[in-house]
Amino acid sequence: MIVEDGPVVVRQRIESIDPSAVKRTRQEKRKGLKPLDDTDRGVILRFAPNPNGPLSLGHSRGVVINHQYAKMYNGKMVLRYDDTDTVVKPPLVEAYDWIAEDYQWLTGSKPDVVIRASERMPQYLKFGEEMLSKGFGYVCECTSDEFKDYRISMTSCPHRSRSVDENLTQWEKMVQGTMKPGDAVVRVLTDMTLPNPALRDWPAWRIQHKPHPVIGVRYRVWPLLDFQSAIEDHLQGISHIVRGKDLMDSTRKQMLLYEHFGWVYPHTLYWGRVSIHGHGSFSTSNMREGIESEIYNGWDDVRLPTIKSLRRKGYSAEAITSFWIEMGITQKDVAIPLDSINAVNSRIIDPTSRRISLVVNPVNIEVIGELPGSVHIPYHPDRHSVGHREIPLSSKSFLVEESDLSKKFRLKDLADVEKTGDGFAFTSDERTDDRPIIHWISCDLQTTCDLVRSEGEEVFIEHCVIEDADLIVGEVVQLERKGFVRVEEWSEERRTLVWLHR
RNA sequence: GCUCGUGUAGUGUAGUUCGGUCCAUCAUGACGGACUCUCGAUCCGUCGACCCGGGUUCAAAUCCCGGCACGAGCACCA
C-alpha cells in the first residue's frame, strides 16, 4: 500500500490516473445569493413586518433578500403586515403606507400580494376552532407564571385534559369577550416532555380587549405570531421562508402545528443579527418612544437607521440592495461598519453626482489682476455629460474656506493666487506649481443654505455659503473636497442640504 | 438550568454538503505608490484569517470527539 507515502506522492499518483482530479484552479467567490432548494414547484416568498413603525435598515435585508430570490426564480412576493398585537407593539396606522412605499423604493416594484393579518381574522378563527375541535389545542386558564412551572417541570396543567366540548365552550367565551385579558389562552397540544422547553404546549391565541388601531374592537381574541404566521404561510402557499435565526424555535413550533393539520412546512433559511458598528441598537419601539418624547425629530431623523432617514440622506436603493445581496444570508451575528455601506453607495452615486462648491466658514477675498468675465466649469471631472456651468467673475471677489487661506494657493479650475501685502493677486491662470488647490465661490453667484448633519447623538445645522446653482430637490451632489449631500429644499425661501457621507 | 445556533484577515464574505482543485476567494479597510486642477474617482502594490485541543487519514477550514467563546429562544411581542 502507499501508507508511508506523503500527500505529494499520492497526488502524483492520482494525477497519473486522472489529471483533472487534482487540477489547480484559482478559487472564486460565489456571486449573488446561494441557490434555493426545491424550486421546481414554484417559489413564493414573503416579507412580514409588524407595522408598528416604518422600515429600518435591518428590515430592508428582509425586503431585499426575499425580493431577490423571488426575482431569481420568477416567483412571487407576499407583503404581509403582522398586526395582531394591539397591546405590546401596537400597529401605527400610517406605517402600512410607509412600509409599502419603502418596499417599492427598495425593490422598484410592488409586492404580488399584500395582506393584513388583522383583515384575515375570519380565516384564523376558523383554524383556531378547528384546532380545538380536532383536539390538538386546548384552552388553558393558568397564569403565565403557573404555566411556566408546568413547562419547567415537564408536567401537564389541569386544563390540558379538557374535553373538546369544554374547550369549545371556553373558546366561545374568549371569542365573545366574557373572559378578560389574561384569563385564558389557547395552547397547541404538543408534548410537555419535549427537550426544548420553548416547544411545550406553546400559546396560539390570547385575549386582547384593547381596540386595534385599524379595525377597532371587532375581535376579543387574537392569534399570536407563531399561529397566525403558520396559518397564513400555508394559505398563501409560501414555499420558502427566510427569517432571523431568533425565530428558529418559531419554525419548530410551527412545524408541530403543521403536523397536526397535515400540512408541509416551507423550506426555511435563517440569517443572524446585524448591527451597525459603533451604533447602539434601535428597536422600532425605542425609536417610537424617542420620537414621542421629541428626542428625535421624526422617523426620518438623520440619526435613526430607518429607510426614511437613509432616503432623506441620499442613499441609493441600489446600494442597499447590493450591500445585502453581497452579504448573503449567513447565520453569523455581524457588526457592519457604516463605511462599508457608504463605499457601495459612493461607487453608485459618484459617476452622476454634480460637483458643487460650498463653504462653511467663508472669508471674502478680493483679488486683483487679469481675469475673464466668467469661467466655464464642468459639473463632473470625468463625465462631461453631467453638464457644466458658467460662473461670472466680474466682482473679482471670492468666498473661500477660512482655514484654506495661505500665502499661495490655487482657486480650483481658475487661477493661481498669491498674497500681496494686505491683498491677493492673480499670478497665472495656468497651474504653475503644486500649491494647494482650494474650492471657492464667486461673489457674483452665491447664496446661503443650511447643511444638516449628525454626529453621534447630536444634530447640527450649519449655515453655509454655496454657489448658486440650479439644484434640484432630491438630487445628490458632491460638495467639492467635502463629500456627498442630498438637496432637501431648494427655493427662494429655504435651501437645505442633508449630509450623506464622504 | 434546558434547547438551539454561530465561530475563516480590522470588518464583511467565498469555500465546509461529497477531505486532495486551498501555502484559502472577493470586497471593504489600513499602508505605500501612480494618475488627477477636489480631501472625489481611477489604477498598481503591500498587509492580514481557518476559535482551541485531540483523533481518523497518505492528506483536514472541510469528517469525528472534547473544550472554549459569543448569540438567540424558553412572552398572554413580532
Side-chain angles (χ1 to χ4, degrees), chain A residues 1-11 13-14 20-31 34 48-50 52 82-85 87-90 140 143-144 147-148 151-152 154 181-186 194-200 202-208 222 224-226 228-229 244-250 252-253 270 272-274 277 283-285 323 326-328 330-337 339-344 346-347 350-351 353 355 357 377 380-383 410-414 416 430-431 434 436-439 478-484 502:
Chain A
M1 237 348 249
I2 54 173
V3 175
E4 72 282 6
D5 295 339
V8 175
V9 176
V10 174
R11 176 170 292 131
R13 288 197 184 191
I14 295 171
S20 70
V22 290
K23 200 185 82 197
R24 282 173 180 268
T25 52
R26 190 155 179 82
Q27 98 185 73
E28 279 176 16
K29 184 178 159 92
R30 197 201 61 237
K31 288 278 172 226
K34 202 176 280 181
N50 177 351
N52 62 337
D82 279 348
D83 58 347
T84 58
D85 171 41
V87 178
V88 183
K89 293 174 182 172
C140 172
T143 66
S144 57
F147 193 82
K148 195 175 187 175
R151 183 168 48 233
I152 292 168
M154 305 208 274
D183 283 354
V185 62
V186 175
L194 250 19
N196 185 345
L199 313 185
R200 298 173 195 155
W202 53 271
W205 291 85
R206 86 300 218 176
I207 301 166
Q208 287 184 146
W222 289 85
L224 285 145
L225 170 86
D226 291 314
Q228 177 270 125
S229 175
K245 65 175 184 177
D246 53 317
L247 261 30
M248 274 183 165
D249 283 345
S250 239
R252 297 178 185 111
K253 289 185 214 174
Y270 305 95
R273 207 183 56 175
V274 179
H277 203 78
S283 70
T284 305
S285 323
F323 176 78
E326 195 184 318
M327 180 138 91
T330 59
Q331 289 189 30
K332 218 168 24 166
D333 293 333
V334 295
I336 307 296
D339 271 356
S340 45
I341 300 177
N342 293 347
V344 180
S346 300
R347 195 168 65 223
D350 185 85
S353 299
R355 270 57 172 172
S357 264
I377 299 176
H380 195 288
D382 315 315
R383 308 213 171 201
R410 178 172 178 82
L411 298 179
K412 184 174 183 283
D413 295 317
L414 184 60
D416 284 358
E430 290 302 315
R431 196 174 177 191
D434 59 356
I437 295 165
I438 68 171
H439 64 290
Q478 188 191 85
L479 302 178
E480 206 86 51
R481 296 173 64 218
K482 294 182 184 299
F484 296 98
R502 181 161 275 287

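Order of the sequence lines fixes the chain letters, A, B, ..., with proteins taken first and strands second; residue numbering starts at 1 for each chain.
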> Testing the basics here: between A:F484 and A:S346, what is the closest heavy-atom pair and its distance to 0.1 Å?
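Here A:F484 and A:S346 meet closest at CE1-OG, 4.2 Å.
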
> Whole angstrom is fine here: how far is it from CD in A:Q478 over to C1' in B:U42?
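After rounding, the reported distance stands at 14 Å.
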
> Quick one: CG on A:L247 to CG on A:D226, what's the gap to the nearest 0.5 Å?
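Separation between the atoms: 7.0 Å.
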
> Please figure out whether A:L194 or A:R355 has its closest RNA chain B nucleotide nearer the 5' end.
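That would be A:L194.
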
> In Å and rounded to the nearest 0.5 Å, what is the CG to CZ distance from A:D413 to A:R431?
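So the gap between those two atoms works out to 10.5 Å.
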
> When the P atoms of B:A60 and B:G53 are compared, how many Å lie between them, rounded to an integer?
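B:G53 and B:A60 have their P atoms separated by 15 Å.
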
> If you look at every heavy atom in A:V185 and A:W205, which pair is closest and at what distance?
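Looks like CG2-O, 2.7 Å.
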
> Please state the P separation for the pair B:G54 and B:A41 - nearest whole angstrom.
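These two P atoms come out 47 Å apart once rounded.
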
> Start with the C-alpha distance between A:R355 and A:D350, add both sets of side-chain angles, then the distance that settles salt bridge (Lys or Arg N to Asp or Glu O under 4.0 Å), and finish with yes or no.
CA-CA 10 Å; A:R355 270 57 172 172; A:D350 185 85; 2.8 Å; yes

> Rounding to an integer number of Å, can you tell me how far A:L479 CG sits from B:A41 P?
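My rounded result for the distance is 14 Å.
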
> Using whole Å, report how far CZ of A:F323 lies from P of B:G12.
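Going from A:F323 (CZ) to B:G12 (P), I get 10 Å.
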
> Check for a donor-acceptor pair, side chain of A:R200 on one end and backbone N or O of A:P195 on the other, with a separation under 3.5 Å.
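Answer holds: yes.
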
> Could you give me the CA-CA distance, side-chain angles and deciding distance for A:K412 and A:R481, then say whether side-chain contact (heavy atoms from CB on, under 4.5 Å) is met?
CA-CA 11 Å; A:K412 184 174 183 283; A:R481 296 173 64 218; 5.7 Å; no

> Would you measure the distance from the C1' atom in B:G1 across to the matching atom in B:G48 and give it in whole Å?
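Those two atoms are separated by 41 Å.
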
> So how far is it from A:M327 CE to A:S340 OG, rounded to the nearest 0.5 Å?
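Reported value, rounded in 0.5 Å steps: 8.5 Å.
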
> What integer number of Å spans the C1' atoms of B:C43 and B:U36?
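It comes out at 11 Å once rounded to the nearest Å.
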
> Categorize A:R410 for me: base, sugar-phosphate, or nothing, with a 4.0 angstrom heavy-atom threshold over every strand shown.
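Base contact - A:R410 has a heavy atom under 4.0 Å of at least one base atom.
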
> Listing time: all N or O pairs from protein to nucleotides 76-78 of chain B that are below 3.5 Å?
{"from": "B:C76", "atom 1": "O2", "to": "A:G182", "atom 2": "N", "distance (Å)": "3.3"}
{"from": "B:C76", "atom 1": "N3", "to": "A:G182", "atom 2": "N", "distance (Å)": "3.4"}
{"from": "B:C76", "atom 1": "N3", "to": "A:G182", "atom 2": "O", "distance (Å)": "3.1"}
{"from": "B:C76", "atom 1": "N4", "to": "A:G182", "atom 2": "O", "distance (Å)": "2.5"}
{"from": "B:C77", "atom 1": "OP2", "to": "A:R206", "atom 2": "NE", "distance (Å)": "2.3"}
{"from": "B:C77", "atom 1": "OP2", "to": "A:R206", "atom 2": "NH2", "distance (Å)": "2.9"}
{"from": "B:C77", "atom 1": "O3'", "to": "A:R206", "atom 2": "NH2", "distance (Å)": "3.2"}
{"from": "B:C77", "atom 1": "O2'", "to": "A:D85", "atom 2": "OD2", "distance (Å)": "3.0"}
{"from": "B:C77", "atom 1": "O2", "to": "A:K89", "atom 2": "NZ", "distance (Å)": "2.2"}
{"from": "B:A78", "atom 1": "OP1", "to": "A:T84", "atom 2": "OG1", "distance (Å)": "3.2"}
{"from": "B:A78", "atom 1": "OP1", "to": "A:R206", "atom 2": "NH2", "distance (Å)": "2.8"}
{"from": "B:A78", "atom 1": "OP2", "to": "A:L225", "atom 2": "N", "distance (Å)": "3.0"}
{"from": "B:A78", "atom 1": "O3'", "to": "A:D82", "atom 2": "O", "distance (Å)": "3.1"}

> Quick one: label A:D350 by what it contacts on the DNA or RNA (base, sugar-phosphate, nothing), any heavy atom closer than 4.0 Å.
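It contacts sugar-phosphate atoms only.
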
> Quantified in whole Å, what is the P atom distance between nucleotide B:C51 and nucleotide B:U17?
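Between the two P atoms, the distance is 15 Å.
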
> Do A:T330 and A:K245 have side chains that get closer than 4.5 Å, going by heavy atoms?
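With C-beta onward as the side chain, the pair stays apart.
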
> Spell out protein contact along nucleotides 30-36 of chain B as letters: B when the base is contacted, S when just the sugar-phosphate is, - when no protein heavy atom is under 4.0 Å; keep the 5' to 3' order.
-------

> What distance separates A:E480 CD from A:I437 CD1, expressed to the nearest 0.5 Å?
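That separation rounds to 10.0 Å.
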
> Between A:Q228 and A:D82, is any pair of side-chain heavy atoms under 4.5 Å apart?
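They are in contact (side-chain heavy atoms under 4.5 Å apart), so the answer is yes.
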
> Do A:N50 and A:D85 have side-chain N/O donor and acceptor atoms under 3.5 Å apart?
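Side-chain D/A pair, A:N50 to A:D85: absent.
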
> Nearest whole Å is fine: how far is B:G73 P from A:W202 CH2?
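So the CH2-P distance, A:W202 to B:G73, works out to 17 Å.
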
> For the pair made of NZ in A:K34 and P in B:U17, what is the distance, rounded to whole Å?
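Spelled out: NZ on A:K34 to P on B:U17 is 12 Å.
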
> Please list, pair by pair, any protein nitrogen or oxygen found under 3.5 Å from a nitrogen or oxygen in nucleotides 3-6 of chain B.
{"from": "B:U3", "atom 1": "O2'", "to": "A:N196", "atom 2": "ND2", "distance (Å)": "2.8"}
{"from": "B:C4", "atom 1": "O3'", "to": "A:R252", "atom 2": "NH2", "distance (Å)": "3.4"}
{"from": "B:C4", "atom 1": "O2'", "to": "A:R252", "atom 2": "NH1", "distance (Å)": "3.3"}
{"from": "B:C4", "atom 1": "O2'", "to": "A:R252", "atom 2": "NH2", "distance (Å)": "2.8"}
{"from": "B:G5", "atom 1": "O3'", "to": "A:Q331", "atom 2": "OE1", "distance (Å)": "3.1"}
{"from": "B:G5", "atom 1": "O2'", "to": "A:Q331", "atom 2": "OE1", "distance (Å)": "3.0"}

> To the nearest Å, give me how far apart CZ (A:R200) and C1' (B:C74) are.
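Taking CZ of A:R200 and C1' of B:C74, I get 8 Å after rounding.
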
> Under the rule for salt bridge (charged side-chain N to carboxylate O under 4.0 Å, His left out), what residues qualify as partners of A:E326, not counting sequence neighbours?
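For A:E326 there are no salt bridge (charged side-chain N to carboxylate O under 4.0 Å, His left out) partners, ignoring immediate neighbours.
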
> Apply side-chain contact (heavy atoms from CB on, under 4.5 Å) to residues A:D249 and A:W202 and explain how you reach the verdict.
CA-CA 11 Å; A:D249 283 345; A:W202 53 271; over 6 Å; no

> Once rounded to the nearest 0.5 Å, what's the spacing between atom CG of A:L224 and atom NZ of A:K253?
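Interatomic distance, A:L224 CG to A:K253 NZ, rounded to 0.5 Å: 8.5 Å.
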
> Please report the distance separating the P of B:C22 from the corresponding atom of B:G15, rounded so that it comes out in whole Å.
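Result for the P pair: 15 Å, nearest Å.
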
> For RNA chain B, produce a single dot-bracket line, 5' to 3'. Pairs: Watson-Crick or G-U wobble, both distances under 3.5 Å. Symbols: ( ) within strand, [ ] crossing, | other strand, . unpaired.
(((((((..(((.......[.....)))((((((.......))))))...(((((..]....))))))))))))....

> For nucleotides B:C26 and B:C68, find the distance between their C1' atoms and express it as a whole number of Å.
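Their C1' atoms lie roughly 30 Å apart.
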
> Which heavy atom of A:S285 sits nearest a heavy atom of A:N52, and at what distance?
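Taking A:S285 first and A:N52 second, the nearest heavy atoms are OG-ND2, 4.2 Å.
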
> Mind checking the OG-CG spacing from A:S250 to A:L199? Nearest 0.5 Å is all I need.
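Taking OG in A:S250 and CG in A:L199, the distance rounds to 10.0 Å.
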
> Does A:K482 offer a backbone N or O that forms a donor-acceptor pair with the side chain of A:R502 under 3.5 Å?
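Checked: pair present.
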
> A:I336 CD1 to B:U11 P: how many Å, rounded?
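After rounding, the reported distance stands at 11 Å.
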
> Restricting to nitrogen or oxygen on both sides, can you table the protein-nucleotides 43-51 of chain B pairs closer than 3.5 Å?
none

> For B:C77 and B:C70, measure between their C1' atoms and round to the nearest Å.
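Nearest-Å result for B:C77 against B:C70 at atom C1': 25 Å.
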
> May I have the distance from A:E326 (atom CD) to B:A27 (atom P), rounded to whole angstrom?
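In whole Å, B:A27 P lies 9 Å from A:E326 CD.
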
